[in-house]
**Student:** 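The structure that follows is given in the form of structure tokens.
Indexing begins at 1, ligand by ligand and atom by atom, following the structure's order.
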Amino acid sequence: MNRIFSGVQPTGNLHLGNYLGAIRNWVLLQKEFECIYCVVDLHAITQEQDPKVLRAATREVAAGLIAAGIDPKRNILFNQSQVPAHAELAWVFNCVARLGWLNRMTQFKEKAGKNRENASVGLYDYPVLMAADILVHKATHVPVGEDQKQHLELTRDIAQAFNSQFGVSFFPLPEPQIFGEATRVMSLRDGTKKMSKSDASEYSRINMTDDADAIAQKIRKAKTDPEPLPSEPAGLETRPEAANLVGIYAALAGKTAIEVLAEHGGAQFSAFKQALVDLSVAVLGPIGAEMKRLTADPGYVDAVLRDGAERARASAAPVLREVYDIVGFLRP
Ligand code: TYM
């Protein structure tokens, strides 16, 4: 039986990259598989957070997942800090993972920036906690955007190292599921940079709560080049901004880039951008509205997370218990 696990950080706004690269795929997968989706608040504090803002963002992200179509009855939806087994398994994995492996993590280098000595130990250890998130539920598949690929490789390395150190075949080696036309959505201001919550420019990203006017403004201001759209994907190779907008359009329309270019090849950006505005508003408008409605009802969101956490604790407890046995800890 395939078991799906994935997570999203409650830092900043959910944006189109989160939606197209991950959340939309989570919604598709719930039809077929047992899915566990987590708002990773423990990961959020690897960089400084205002406690009030973190609490609000945790609820807002949970609301976003529900608004996007995740059914919290059918799946387990919870916030990480309510399930201590994640942090407990992370400790065991800290003693399995090697410094050399973590030193290779590109996301740490990006996030720590120039002042690496001043980064938190948690930020460095972040991928180990991520491995624990996945493996404490013995998940087999992990739907993520492309930027998480290296962390998934590390998860597999940790699972394998644990199995071999203790001579067991206990943990599965989870597979990343990176699919769709927008596995790496780029900034609207710079087609070579990932769309990200931490970009200083609001114009670099479309947030899931943006209204029609904001979406239209951001797309109209998006960087492009002076050429019309090509009629085949090969024509996008040296045009990162054009490629990004075509990828976004394709993902939102549920089409391939080939189909989009067959339709819009030869069009000027002014016309294509208008089509993209209309499509974005049609897809994101209802989700954003529902998200705002749910966010205004924190009692409901909290109840969903509480129920999810209870089921997540039940899923994680036997796995952690067995790990403790394998490692050689005395039972209470
Ligand atoms: P986070 O919160 O940065 O992003 C959540 C999901 O959105 C995807 N994503 C993107 N996809 C396409 N284009 C983009 N520009 C873009 N930006 C973000 C991410 O790939 C991710 O799938 N480390 C994870 C959270 C995490 C996790 C886990 C994920 C913690 N534990 C266990 C999977 C399994 C993160 O920071 O995601």
**Student:** With atoms numbered from 1 as shown, which atoms in ligand 1 lie under 4.0 angstrom from a non-hydrogen atom of Arg184?
**Tutor:**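 Once the distances to Arg184 are compared, the set is 12 (C), 13 (N).
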
**Student:** Are Val246 and Leu16 connected in the hydrophobic side-chain network, where two residues link if heavy atoms are under 4.5 Å apart?
**Tutor:**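 In one cluster with Val246: Leu16, yes.
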
**Student:** Which protein non-hydrogen atom lies closest to atom 6 (C) of ligand 1, naming both residue and atom, and how far is it?
**Tutor:**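 The protein heavy atom lying closest is Ala22 CB, 3.6 Å.
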
**Student:** Heavy-atom count around Ile45 CD1 within 6.0 Å, excluding the residue itself: above 12?
**Tutor:**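 No, not enclosed.
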
**Student:** Of all the non-hydrogen atoms in the protein, which one sits nearest to atom 19 (C) of ligand 1, and at what distance?
**Tutor:**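 The answer is Asp147 OD1, 3.3 Å.
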
**Student:** Report the nearest protein non-hydrogen atom to atom 36 (O) of ligand 1: residue, atom name, distance rounded to 0.1 Å.
**Tutor:**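 Of every protein heavy atom, Tyr126 OH, 2.5 Å lies nearest to atom 36 (O) of ligand 1.
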
**Student:** Specify side chain, backbone, both or neither for Val142, according to which of its non-hydrogen atoms lie closer than 4.0 Å to ligand 1.
**Tutor:**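 Only the side chain of Val142 comes within reach of ligand 1.
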
**Student:** List every atom of ligand 1 that sits less than 4.0 Å from any heavy atom of Phe5, numbering the atoms from 1 in the order shown and giving each element.
**Tutor:**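 Going through ligand 1 atom by atom, the ones under 4.0 Å from Phe5 are 32 (C), 34 (C).
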
**Student:** With heavy-atom distances below 4.5 Å as the criterion, would you say the side chains of Thr224 and Phe272 are in contact?
**Tutor:**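 Side chain of Thr224 against side chain of Phe272, heavy atoms only: no contact under 4.5 Å found.
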
**Student:** Need the ligand 1 atom indices (1-based, order shown) with element for anything under 4.0 Å from a heavy-atom of Lys194.
**Tutor:**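 Going through ligand 1 atom by atom, the ones under 4.0 Å from Lys194 are 15 (N).
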
**Student:** Would Lys197 count as a contact of ligand 1 if the rule is a heavy atom under 4.0 Å away?
**Tutor:**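 Yes, Lys197 has heavy atoms under 4.0 Å from ligand 1.
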
**Student:** Judged on heavy-atom distance to atom 28 (C) of ligand 1, which of Met130, Met186, Gln148, His151 sits nearest?
**Tutor:**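 Looking at heavy atoms only, the winner is Met130.
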
**Student:** Transitively linked via ILVMFWY side-chain contacts under 4.5 Å: Leu229 with Ile258?
**Tutor:**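 No, Leu229 does not connect to Ile258 through the hydrophobic network.
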
**Student:** Specify the protein heavy atom at minimum distance from atom 17 (N) of ligand 1: its residue, its atom name, and the distance to 0.1 Å.
**Tutor:**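 Of every protein heavy atom, His15 CE1, 3.6 Å lies nearest to atom 17 (N) of ligand 1.
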
**Student:** Answer with side chain, backbone, both or neither: which part of Val40 has a heavy atom less than 4.0 angstrom from an atom of ligand 1?
**Tutor:**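 Near ligand 1, Val40 shows its side chain, while the N, CA, C and O stay back.
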
**Student:** Between Asp199 and Arg205, is there a salt bridge with N-O shorter than 4.0 Å?
**Tutor:**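 Salt bridge absent between Arg205 and Asp199.
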
**Student:** May I ask you to decide whether Glu146 forms a salt bridge with Lys149, counting only side-chain N to carboxylate O separations under 4.0 Å?
**Tutor:**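 Judged by the 4.0 Å cut-off on N to carboxylate O distance, Glu146 and Lys149 do not form a salt bridge.
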
**Student:** Are any of the N or O atoms of Gln9 closer than 3.5 Å to those of ligand 1?
**Tutor:**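 By distance alone, the answer is yes.
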
**Student:** Pick one of side chain, backbone, both or neither for how Ile134 approaches ligand 1, counting any non-hydrogen atom pair under 4.0 Å.
**Tutor:**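 The part of Ile134 near ligand 1 is the side chain, not the backbone.
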
**Student:** Any donor and acceptor pair, going by atom type alone, linking the side chain of Ser315 with main-chain N or O of Arg311 inside 3.5 Å?
**Tutor:**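 Not at all, since once roles are kept as given, no pair shorter than 3.5 Å links the two residues.
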
**Student:** Under 3.5 Å between some N or O of ligand 1 and some N or O of Gly17?
**Tutor:**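 N/O-N/O distance under 3.5 Å: yes.
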
**Student:** Does ligand 1 have any atom that is closer than 4.0 Å to a heavy atom of Gln80?
**Tutor:**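 Judged by the 4.0 Å heavy-atom criterion, Gln80 does not count as contacting ligand 1.
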
**Student:** Please report which non-hydrogen protein atom sits nearest to atom 18 (C) of ligand 1, along with the residue it belongs to and the distance in Å to one decimal place.
**Tutor:**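 Looking only at protein heavy atoms, the one closest to atom 18 (C) of ligand 1 is Asn18 ND2, 3.3 Å.
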
**Student:** Give the residue and atom name of whichever protein heavy atom lies nearest to atom 15 (N) of ligand 1, and the separation in Å to one decimal.
**Tutor:**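 Of the protein heavy atoms, Val185 O, 2.8 Å lies nearest.
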
**Student:** With a 4.5 Å heavy-atom cut-off, do His43 and Gln80 have their side chains touching?
**Tutor:**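 Contact flag for His43/Gln80 side chains = yes.
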
**Student:** Less than 3.5 Å between some nitrogen or oxygen of Asp133 and one of ligand 1, yes or no?
**Tutor:**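 For ligand 1, there is an N or O atom that lies under 3.5 Å from one belonging to Asp133.
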
**Student:** Does any part of the side chain of Arg156, heavy atoms only, come nearer than 4.5 Å to the side chain of Pro174, both counted from C-beta?
**Tutor:**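 The answer is yes; the side chains approach within 4.5 Å.
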
**Student:** Under 4.0 Å from a heavy atom of Gly21: which atoms of ligand 1 are those, numbered in the order shown and with their elements?
**Tutor:**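 This gives 11 (N), 12 (C) as the contact atoms.
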
**Student:** Would you say CD of Gln165 has more than 12 non-hydrogen atoms from neighbouring residues, nucleotides or ligands within 6.0 angstrom?
**Tutor:**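 Buried by this count: over 12 neighbours within 6.0 Å.
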
**Student:** Would Ala182 count as a polar contact of ligand 1, with the cut-off being nitrogen or oxygen pairs under 3.5 Å?
**Tutor:**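 Between Ala182 and ligand 1 (N or O atoms, distance only) the closest approach is not under 3.5 Å.
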
**Student:** When you measure from atom 8 (C) of ligand 1 to each heavy atom in Ala131, Pro174, Ser187, Gly145, which option holds the nearest one?
**Tutor:**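 Residue with the shortest heavy-atom distance to the ligand atom: Gly145.
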
**Student:** Does the side chain of Lys193 reach to within under 4.5 Å of the side chain of Ser204, using non-hydrogen atoms?
**Tutor:**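 Not in contact.
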
**Student:** Among all protein heavy atoms in this structure, tell me which lies nearest to atom 25 (C) of ligand 1, with the distance rounded to 0.1 Å.
**Tutor:**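 Atom 25 (C) of ligand 1 sits closest to the protein heavy atom Gly7 O, 3.6 Å.
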
**Student:** Is it true that the NZ or CZ of Lys223 lies under 6.0 Å from the centre of Tyr203's six-membered ring and within 45 degrees of the ring axis?
**Tutor:**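 No, Lys223 does not sit over the ring of Tyr203.
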
**Student:** Is any side-chain N of the basic residue among Lys218 and Glu202 closer than 4.0 Å to the acidic one's carboxylate O?
**Tutor:**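 Counted as a salt bridge, because a side-chain N and a carboxylate O are separated by less than 4.0 Å.
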
